Amino acid sequence: MSTIEAEMTTDQAPKSKRRATAESMAKSQREISVSEFFAKNRHLLGFDNPRKALLTTIKEAVDNSLDACEEAGIVPEIWVHVEQTGPNRYKAGIQDNGPGILKKQIPLIFGKLLYGSKFHRLRMSRGQQGIGISAAGMYGLLTTGKPVKIVSKVSIRKPAHYYELRINTKTNNPEILNNKGDGEDIPAGQEGHKYIAKHGIEWETHYPADAPETPGKELAHGTRVTIELEAKYQRGRGSVDEYLEQTAIANPHVTIHYMDPENNLRTYNRSTRQLPPEPVEIKPHPYGVEVGRLITMLKDTSETTISGFLTNSFSRVSNGIAKQICDGAKIGTRTHARKLNRDEIEKLYHSIQETKISNPSTDCIVPIGEELLLKGMHQVVPAEFYCAATRPPAVYRGNPFLIEVALAYGGSVETTKITKDLLKELLSESDARTVRQFLINTFNGLGADSADKITKSSKLGARKSPSKLKPREIDALFEAMQNINISEGQSMNVLRYANRVPLQFSQSACAITQSITGMNWRSYGLTQSRGNVPSGPVTVMVHMASVWVPFTSESKEAVASYPEIQKELRLALQAVGRKLGMFLRKRQLVKQQADRRSIFLRYLGEVATAVSDINGSDRQKVYDDLMAVAQKKTAEADMKLTESGKLVEENELFGDNVLIVEKSTEDLLNRPSANGSSDDDSGDQEFEEMEDE
């Protein structure tokens, strides 16, 4: 064999091997189902640990129920039932009085990922991708093997539909398990009630009775989903209890009946029967469309001219604006929309960005409103001062959004409201390693300094495990929680919302938290360490309403930090901060005048007696004259004057959307100031922060 032939033989062997390897790899390539992807990456959807999985399941079902009720014009009533079925296993049932779901749609909604009506719709809604509730059912199937159970009823005279189904992760399609794959129909009326009881189907047939002796009204329509899953129930921060409480604040028109695993029933009653206005769907704004999306829209359009495409595909584009865009791109308005080449589309895109176009319509978003914010906060958060502010609508990437903030100051700390029995339960359920960590993680607003005070007072070791505390140690801890004044070290409690939905995780990664920590709250009478939330008995609720909330992940736990959003957050927080600062300065003035009054009263009798002994005047008359002077001087604390010296009313001092729960002078004397000092004169200082209002 020649040298050339040998080289050819050795060169051909690797080529054939590479070809075989390529063919083998090609055969192994296959399409990945979206269900299969999320089954392996369920942490992306909020199912990364058992405790969070239970909360995410209930959250997704409640969000869907609220959306369905509001779209149908029904004042929502929701039942939430959590039941333990075994070690680390829970069954979550969520039912509403909404319009119900058509029979053919039930399997698709609950057994298919990325199936919904909200993704392509530019209007405010809680859900977006069509993933949540079907992903919860998939997680339940993966961890327990139990199917999702759905009951839906559209009319009191029509049968209810009952399905037991599971999602096929290979094909992303539902599989119906009961009645040979057809589901079951439950008769209407009493016959149906008997059928439900006989077969053990979970369904609330009636509203709660107004009185024990009167039966409640029959439920005419609604939907219930029941999912059994591997989970962990635990009270405190990031719990189901906290989520439902925060939902009641942001949705004052809903009544929630909540049965926890210990069979304790708690009802959050609505404070109004007025539904929020229904948001209007809008077309996409030109500023929010990128080049790739513009190419797809032009390819799919049925419009024949570029002018018709622009005016009919986008909001705020009139014939005049369309002509300006075409002139800027040097394209005729009569040019065929589907025949533009790549360079012309690029010029069209840049012309859109350079053309002045009005902001999109804001009737697609519906704020909660200052009045309802105050009602919701007052109903759930005990405090002495409440205020709220709603910013005008703004735009990011062509998407309208709006920021609302409510603030509550004062009230008792959660550690003083707890019972000893509940404390024992929380300690036994906690997975914290130390008592200090248990206190910080369980009670909102309790900072590290306050936790240290409690543990030091209770004489518990720094590394004592909560689950291993003895009865006498629990008694000592409870006594310390009730008696230690921790208002000075209490951290601000931050409630974050997006489209009326509480956000309970990834707090530090959220634009809302970053805006709060980035403000100078010392200007408003609170103490604050650099880069941290301020200290004090304060609860702040921040709500972002938008047609498309920019979440940082699919689990919808934090809002992304767009500059436009951060600016509106800062301005809204400053609006409530100014009112809080005025309230704290006024309260400090009242306290100072009360101190003066107490000093006067302490010595007036002795002064009157001394004067009477010296000059022989009537002691009672001297005392009355001195008392009149004291009352005149101390009465200045009750007067509010304008710059011109005129008396103003309380609401004029603080502005609109303020609620004050009056406290006695003794309460003010005994309560420490916001920065921990009892006779600090910081209330007379001017605001230090330059605000860009």
Side-chain angles (χ1 to χ4, degrees), residues 33-35 38 45 56-74 76-79 92-141 146-188 192 195-196 201-204 219-227 278-279 281:
S33 163
V34 64
S35 303
F38 281 119
L45 303 177
T56 302
T57 297
I58 292 174
K59 171 181 172 294
E60 295 295 345
V62 170
D63 290 351
N64 288 350
S65 294
L66 289 171
D67 275 341
C69 289
E70 291 172 5
E71 288 186 29
I74 299 169
E77 191 132 354
I78 296 176
W79 291 261
I94 301 90
Q95 181 175 334
D96 61 59
N97 64 335
I101 305 173
L102 295 177
K103 184 176 181 178
K104 64 180 181 179
Q105 291 292 105
I106 294 174
L108 296 172
I109 290 174
F110 293 94
K112 190 179 182 71
L113 291 184
L114 294 177
Y115 183 88
S117 61
K118 302 170 185 176
F119 185 83
H120 299 286
R121 204 173 55 177
L122 282 179
R123 53 172 282 185
M124 176 181 165
S125 64
R126 294 172 180 83
Q128 289 182 347
Q129 298 102 338
I131 293 178
I133 193 61
S134 50
M138 181 179 68
Y139 174 82
L141 178 67
K146 297 292 185 70
V148 184
K149 298 178 181 179
I150 304 104
V151 179
S152 190
K153 188 176 182 180
V154 296
S155 172
I156 196 169
R157 293 180 296 274
K158 293 183 178 180
H161 310 301
Y162 173 58
Y163 282 96
E164 294 181 7
L165 59 86
R166 65 188 178 194
I167 185 170
N168 186 327
T169 56
K170 297 287 186 182
T171 62
N172 190 32
N173 284 313
E175 294 179 353
I176 303 168
L177 304 181
N178 59 328
N179 196 25
K180 298 180 180 179
D182 293 329
E184 299 176 42
D185 287 341
I186 302 173
Y195 185 92
I196 288 172
I201 299 173
E202 296 177 79
W203 176 256
E204 295 286 343
L219 202 67
H221 40 71
T223 301
R224 183 184 184 96
V225 56
T226 303
I227 299 173
E278 186 176 358
E281 184 177 354

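Because the structure is predicted, anything quoted here is derived from the model rather than measured. Every heavy atom of this structure was used, including side-chain atoms; hydrogens, water molecules and symmetry mates were not. Numbering starts at 1 and runs along the sequence shown.
With values rounded to the nearest 0.5 angstrom, Arg224 atom CZ is found 10.5 Å from Ser65 atom OG. The distance from the CD atom of Glu77 to the CD atom of Glu204 is 10.0 Å, given to the nearest 0.5 Å. To the nearest 0.5 Å, atoms OG1 (Thr226) and NZ (Lys149) are separated by 7.5 Å. Atom CD of Glu184 sits about 5.5 Å away from atom CD1 of Ile201, to the nearest 0.5 Å. Between atom CD of residue Glu202 and atom CD1 of residue Ile196 there is a gap of 11.0 Å, rounded to the nearest 0.5 Å. Note: His221 NE2 to Ser152 OG = 11.0 Å, rounded to the nearest 0.5 Å.
In plain terms, the two heavy atoms of Val154 and Gly100 that are nearest each other are CG1-C, 4.0 Å. Shortest non-hydrogen contact noted between Asp96 and Trp79 is C-CZ3, 4.2 Å. Residues Lys153 and Ala160 approach most closely at CB-CB, 4.0 Å, considering heavy atoms. Summarising the geometry of Glu164 relative to Asn178, their closest heavy-atom pair is N-OD1, 3.1 Å, with the distance given to 0.1 Å.
Side-chain contact between Ile74 and Pro99 is present, with heavy atoms from C-beta onward closer than 4.5 Å. Put simply, the side chain of Ile227 does not reach to within 4.5 Å of the side chain of Tyr139, judged on heavy atoms. Here the side chains of Ile167 and Val148 are not in contact, with every heavy-atom distance at 4.5 Å or above. Between Val151 and Gln95 the shortest side-chain heavy-atom distance does not fall below 4.5 Å.
Qualifying side-chain contact (heavy atoms from CB on, under 4.5 Å) partners for Pro107, counting only residues two or more places apart in sequence or in other chains: Tyr163, Leu165, Pro174, Ile176.
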Would you please test Asn179 and Tyr162 for side chain to side chain contact (heavy atoms under 4.5 Å, CB included) and show each step? CA-CA 10 Å; Asn179 196 25; Tyr162 173 58; over 6 Å; no
Ile78 vs Leu66, side chain to side chain contact (heavy atoms under 4.5 Å, CB included): CA-CA, chis, key distance, verdict: CA-CA 8 Å; Ile78 296 176; Leu66 289 171; 3.7 Å; yes
Residues His161, Ile101; criterion side chain to side chain contact (heavy atoms under 4.5 Å, CB included); working and verdict: CA-CA 9 Å; His161 310 301; Ile101 305 173; over 6 Å; no
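Atom NZ of Lys146 has 12 or fewer neighbouring heavy atoms from other residues, nucleotides or ligands inside a 6.0 Å radius. Summarising the local packing, NZ of Lys59 is surrounded by more than 12 heavy atoms from other residues, nucleotides or ligands at distances under 6.0 Å.
Although no hydrogens or angles enter the test, the distance criterion places no donor-acceptor pair under 3.5 Å between the side chain of Asn97 and the main chain of Gly222.
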